[in-house]
J.: 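Here you go, one structure.
Below, read A as the first sequence line, B as the second, and so on, with proteins coming before strands; counting in each chain starts at 1.
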Amino acid sequence: MPTTNASNSQPSSDPQPIDANEIPNRFDHAEAASQIAAAWDAAGCSHAEVNPDKPPFCVVIPPPNVTGALHLGHGLNNTLQDIVIRTKRMQGFETLWMPGTDHAGIATQAVVERRLKEDENLSRHDLGRDELVKRIWEWKAQYETRIIGQLKRMGCSCDWQRLRFTLDDTCAAAVRATFFDLFGQRMIYRGKRLVNWDTFLQTAVSNDEVENVTQKGHFWHFSYPVIDAKPGEPTSVEIATTRPETMLGDTAVAVHPNPEKAFDKVESELRAKLADASDKEKADVEKQLEQLAERRTKMLPGLITLRDMAADGRMLKLPLTDREIPLIADEWAKPELGSGCVKITPAHDPNDYEVGLRQDLPMINILNTDGTLNEEGGKYAGLNMKQARKAVVADLDELDLLGEVEDREIELPHSDRSKTPIEPFLADQWFVKMDTLAQSAMDAVSDERVKIFPERYRKGYLDWLGEKRDWPVSRQLWWGHRIPIWSVTGIDAKAAKDLVAKLQKLPAATTGELKEQTETLDDGTMGVFVCLRGEDAAAQAEIESLGLVQDPDVLDTWFSSALWPHSTLGWPEKTPELDYFYPTATLITSRDIITLWVARMVLMGLNNVGKIPFDQVFIHPKILDGLGETMSKSKGNGVDPNDVIDKFGPDALRYGLARIATDTQDVRMPVQYECPHCGKLIDQTKKNRSAKTVDCKFCKKTFSTQWAESESDKAHSRAPVVSERFETARNFVNKLWNASRFTLMNMEGYEAKPLEVASLPLEDRWLLSRLATVTDQVTKGIETYKFAEASRILYDFAWDEFCSFYVEIAKPRSADEATRATTQVVMAHGLDTLLRLLHPMMPFVTESIWSYVGKAAPVRGVPVPAESSSMLMTAAWPQADASHHDPAIERQFAEFQEVVGAIRSIRASQNIAPREIVPVAIRTSESSQELLSPMKTSLESLANCEVITLGPDAVAFETDAPLSLSSIDIDVHVDLEKFIDVEAELARLEKLKDQVIKQITGKESKLNNENFVARAPEEVVAKERESLAELKQQLASVKGDIERLQAKSG
RNA sequence: GGGCGAUUAGCUCAGUUGGUUAGAGCGCUACGUUCACACCGUAGAGGUCACAGAUUCGAAUUCUGUAUCGCCCA
């Protein structure tokens, strides 16, 4: 049974032979993984402490949000972090991987509220704030456990003793300290701003949480009557809108201040476009120009009149209300669109809001927080937007003020969280001033104190920060860090002054834990705002007794996430951890949160600690489903890593993910349900991916999915979701396991001994050289985030070189007493290095094998053996021995491999049964003879042949199948006397001849090109000439072979 | 509308500074269970590198444009 010897007593340094029966021929990951994890845990392998004797290496986990379980995207993210972490740990760093989860304000509250509605038909208001928050904590507990369980099963070597949560006391202290500091620096301010209002969740959401959905809508034309129109002036103004109901909040109608110039501008833009338009576009642009000219003629006089009316202060009657609104001149009105006039609703449209600010217009909020109309809506109060729209349009029609209704596609913003339409809404919000903060974060990346890989992501980061938009941090939610501000509003100046005087006498104020600001509000009254630095119940009670009330809102989740690299290390306390581990080394994350999260961590780290939070950022690809869509909890296409682990094992999951992590593109992962009844695979589709149950199309039985919630759904067996893309990795784990098994079974009589490398046979020196190269490549690969490359190099080396050649050659060598001992030493060393290099990617299987190797060959290494550590996880990372690196040896071994390939190829084309031993003759130069002679046994074993002659004197057999390896000047001949199949042999030779002729033709035409010969580098030309000569020689030889064979067959 | 990326074998993807006949895994074909491994071995078939131009002696690779897809921003 596989186990790590960590649980054993001190490993014996006497080799103990391992019996074949002791190791099963499959790695039983289900059994082994939990034992190995327990052993790591018991030994405290992943715990880090401040350790001045070692350099620190720290990574903070991108805290998964507790909304739901992890999917393969997180699987990839965490696998890559663990690969880096394990490598660094083996390299001797004091390695801390800081784990934790994120409270994810809106997302988590939304799921819990949705569940509340579905299960109990209750709203959060029915439940009350405290009770809802309690329910969310329960949800959090459940999912945090689930998430951490998933990470642990994947083998993530986080320091679990340091587990944090963005809403725990440590993080809360950091949030309070930060907010207090920014408040004191006057970088936090309060403002009425138009926010994206989610009427379902009744909260503002950030721009980043809004997605635009294109929908079919209408463009309604209305007429607003002009009050006291003068002679010659129109008696009404026509406007057009996609949102008729918002007219109740109109406070102006705008016309362009210079319609003529506006037309000119549009026209010149179109002409510029025409100038460099393709033929195809030309017609279209010309048509637009025509229409514009027509429009200009028709509308310009009217627009000029309206502009003059606006200048003259003409008022309009807003229908359905008793309000009069001004006709104003503003550039937001587009003469080329609609009627050329636009209604202005500052409280309910972002552009109109800007106009309202410019023109100093009243801002009338017509909405309640739940999306129904308020008293400003007059008789429409209480209706929702949809009902109001219908009523408004009908009533305008009744008044004969409704004009044309056009069909039009409109972009409607939707809340990413609730999937309901967003209403622009005027609300009180707290903002963080971003100018200096953003600049500091831009500088950190511009001057490369923080390096982003792949580099192309720098641009997005810099562009986004460059806008320096202030950050609205209020969220009208109950789940999150409560904004630490208490306020009184609507008081006069004297009352404010008195209050401030009282506040300043409080103990908290004298210790600098309380700051207050006084502001004049929109309505002319005063407001006093107090911020408290810490959770100080006494201070809080005192403030509240003075009549101040705490802001009901909570902070944007990203506010606490932005502090993650330093809050988790104990900031604002000056902890030894912060001193030692901060700045962290690298951040590994996904591209969609570069701005939301990465940028904010940089600026908050600089503001709070005065140092960047990490030196490097690596952005990894995203995992897409079979349809090319990103995996997400809301779409239902996420795959649970546990499903993959159950079927393929944790090592296969990790290796499979690492292998696809290239930095060029995202990865498609078609997945299937595995029917729990018949075991067949059913493709996951858009239709079935979020279903709670699915009917198997093969056995027709019903199975449940990860979405099943009701008892009746859960009564069906659950189908795991799997992907055949992990089979390769699973097979690789098995290959490694079995190669190790073979190695271990041949360790009987093992004796550690120093070796003199120069005197070792070719294959040993080849292996050592390859180990040195691969060690370098893999180390460099991991250190530069080339995970796919590193994993590919290891796969190819382990499979195609270690297994297919070294182990195969070791078979006859192990059987021979004379060569056995050396073979064991080199093979143990090879396996040892391979296990170390593979450990970060495949920790479980390598740790398991390691314990066996520790028994069979406890002291090992080339050239000088040493006692190995009992646990691979804490063993040393291999150092490439530069003296072992030998390109000449690698070239010579390649010759050997070519000869083996040639014999195998002839055998296959002759359909010679694998068990038949064929006689071969190999013509070589004298130097190759010297090289290959000692390899004769290996050659015979690998190609299942008998070498009759080897050297310059070797000649063709009478019934001969030849293959000329002209590039290495070797001819291989196989005696076909017993096996001849003339037809097959002729076919093979003819095919070969055609191939060679094709190549010769290509080369000749290249070399006949004077330009090539004259302009290409000499060495390239020489190489081509040489290669052509070889090909010609090969052709002659093949032609001769064909003739001989034809003569023989007569 | 702007930015970033992708397009290579039936599928999923590699492809270094431009240079022999463009690679891998899966799938497919043929043969094979001699005791590490059938989650295996050996051999093989399969590609107009999205399209059109340009640069170059030479382009999957560099440049320009087009198409399609994806993501981000407005």
Side-chain angles (χ1 to χ4, degrees), chain A residues 20 23-27 207-208 211-212 278 280 350 411 454 456-460 463-464 467 590-592 594-595 621-622 624 626-630 648-649 652 656 659-670 723-746 786 788-789 792 795-796 799-800 803-804 807-808 810-811 900-901 903-915 917 941-944 967 988 991 995-996 998-999 1002-1003 1006-1007 1009-1017 1019-1021 1023-1024 1026-1028 1030-1031:
Chain A
I23 312 178
N25 70 353
R26 295 274 166 86
F27 174 54
N207 283 335
D208 313 302
E211 52 181 5
N212 285 314
S278 65
K280 216 171 90 188
E411 292 249 303
R456 63 174 181 275
Y457 291 113
R458 276 169 58 114
K459 188 172 159 50
D463 287 352
W464 185 83
E467 293 181 24
S590 166
R591 84 173 91 84
D592 35 14
I594 294 174
T595 54
K622 304 200 64 158
L624 313 177
L627 303 160
E629 296 183 37
T630 62
F648 299 106
R659 192 179 167 80
I660 58 183
T662 61
D663 65 13
T664 49
Q665 63 180 331
D666 294 339
V667 179
R668 271 189 198 217
M669 174 95 55
S723 172
E724 60 184 24
R725 299 207 58 194
F726 290 100
E727 279 176 14
T728 304
R730 189 263 323 266
N731 295 350
F732 182 44
V733 170
N734 185 250
K735 187 72 179 178
L736 178 72
W737 178 259
N738 276 291
S740 308
R741 180 169 178 257
F742 171 83
T743 303
L744 291 160
M745 282 159 47
N746 282 282
K786 308 271 185 209
E789 194 183 334
R792 201 199 68 239
Y795 182 99
D796 291 347
W799 203 305
D800 298 337
C803 291
S804 294
V807 169
E808 289 304 324
K811 285 176 181 174
V900 172
I903 301 169
R904 284 174 172 174
S905 161
I906 294 170
R907 295 184 63 115
S909 63
Q910 281 292 311
N911 294 320
I912 298 172
R915 62 175 65 215
I917 295 171
S941 144
L942 279 166
N944 204 28
S967 63
R988 178 181 76 88
K991 193 178 156 194
Q995 279 173 356
V996 174
K998 206 172 136 196
Q999 285 174 56
K1003 298 248 181 250
K1006 202 171 191 179
L1007 284 162
N1009 181 344
E1010 280 174 35
N1011 271 328
F1012 172 70
V1013 180
R1015 305 173 99 143
E1019 63 217 54
V1020 173
V1021 178
K1023 214 165 139 194
E1024 288 296 308
E1026 196 180 316
S1027 145
L1028 177 63
E1030 280 164 7
L1031 285 166

J.: Is the shortest heavy-atom distance from the side chain of A/M745 to the side chain of A/I23 under 4.5 Å?
T.: no

J.: Send over the distance from A/L1007 CG to B/C57 C1', rounded to a whole Å.
T.: 11 Å

J.: Rounding to a whole Å, what distance do you find between A/Y457:OH and B/C71:P?
T.: 13 Å

J.: With RNA chain B as reference, determine whether A/Y795 or A/S1027 sits nearer its 5' end, using the nearest nucleotide of each.
T.: A/S1027

J.: If I pick the P atom on B/U68 and the same atom on B/A59, what distance separates them, to the nearest angstrom?
T.: 28 Å

J.: Is the shortest heavy-atom distance from the side chain of A/C803 to the side chain of A/F742 under 4.5 Å?
T.: no

J.: Under the ring-ring contact (aromatic ring centres under 6.0 Å, His included) rule, collect the residues that match up with A/Y795, sequence neighbours excluded.
T.: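 With neighbours one apart ignored, the set is A/F732, A/W799.
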
J.: Say you pick atom C1' in B/C72 and the same atom in B/U17; how far apart are they, in whole Å?
T.: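 Here B/C72 and B/U17 have their C1' atoms 31 Å from each other.
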
J.: With rounding to the closest Å, how many angstrom separate the P atoms on B/C49 and B/A9?
T.: 10 Å

J.: Hey, which of these two, A/I912 or A/G901, hits RNA chain B nearer its 5' end, going by closest nucleotide?
T.: A/I912

J.: Which pair of heavy atoms, one from A/N734 and one from A/R26, lies closest together, and at what distance?
T.: ND2-CD, 3.6 Å

J.: If the C1' atom of B/A52 is compared with that of B/A14, how far apart are they to the nearest Å?
T.: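 That atom pair is separated by 27 Å.
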
J.: Do you know the tightest heavy-atom contact between A/S941 and A/E808?
T.: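 Reported closest heavy-atom pair: OG-O, 4.0 Å.
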
J.: Compare every heavy atom of A/K622 with every heavy atom of A/S590, then report the nearest pair and how far apart it is.
T.: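 Between these two residues, the closest heavy atoms are OG-CE, 3.9 Å.
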
J.: For RNA chain B, what string of dots and brackets results from 5' to 3' when Watson-Crick and G-U pairs need both distances under 3.5 Å, crossing pairs get [ ], and pairs with another strand get |?
T.: (((((((..((((.....[...)))).(((((.......))))).....(((((..]....)))))))))))).

J.: Specify the separation, in whole Å, of atom CG of A/N911 and atom P of B/C31.
T.: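 After rounding, the gap between these two atoms is 9 Å.
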
J.: For every nucleotide of nucleotides 5-18 of chain B, 5' to 3': is a protein heavy atom under 4.0 Å from its base (B), only from its sugar-phosphate (S), or from neither (-)?
T.: SS-----SSS----

J.: Can you see which heavy atom on A/A943 is nearest to which on A/R907, and at what distance?
T.: O-NH1, 3.1 Å

J.: Starting from P on B/G25, measure out to CG on A/D796 and report it in whole angstrom.
T.: 8 Å

J.: With rounding to the closest Å, how many angstrom separate the C1' atoms on B/G5 and B/C13?
T.: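 B/G5 and B/C13 have their C1' atoms separated by 16 Å.
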
J.: If we take the P atom in both B/U64 and B/G25, what is their distance in whole Å?
T.: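 Those two atoms are separated by 36 Å.
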
J.: What is the minimum heavy-atom distance between A/P621 and A/I660, and which atoms define it?
T.: CG-O, 4.4 Å

J.: Could you tell me which residues satisfy salt bridge (charged side-chain N to carboxylate O under 4.0 Å, His left out) with A/R591, sequence neighbours excluded, listed by chain and number?
T.: A/D666

J.: Checking A/D463 now: which residues fulfil salt bridge (charged side-chain N to carboxylate O under 4.0 Å, His left out) with it, not counting sequence neighbours?
T.: A/K459

J.: Taking atom P in both B/U66 and B/G3, what distance in whole Å separates the two?
T.: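 It works out to 12 Å between them.
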
J.: Between B/A60 and B/U16, how far is it from one C1' atom to the other, in whole Å?
T.: 14 Å

J.: What string of B, S and - do you get for nucleotides 32-42 of chain B, 5' to 3', when a contact is any protein heavy atom under 4.0 Å?
T.: SS--BB-BSSS

J.: Considering non-hydrogen atoms only, spot the tightest contact between A/A729 and A/A652 and give its length.
T.: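 The answer is CB-O, 3.3 Å.
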
J.: Could you state the atom-to-atom distance from CD of A/Q910 to C1' of B/G44 in whole Å?
T.: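 In whole Å, B/G44 C1' lies 15 Å from A/Q910 CD.
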
J.: So, A/E789 and A/R792, do they make that salt bridge, N to O below 4.0 Å?
T.: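 No.
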
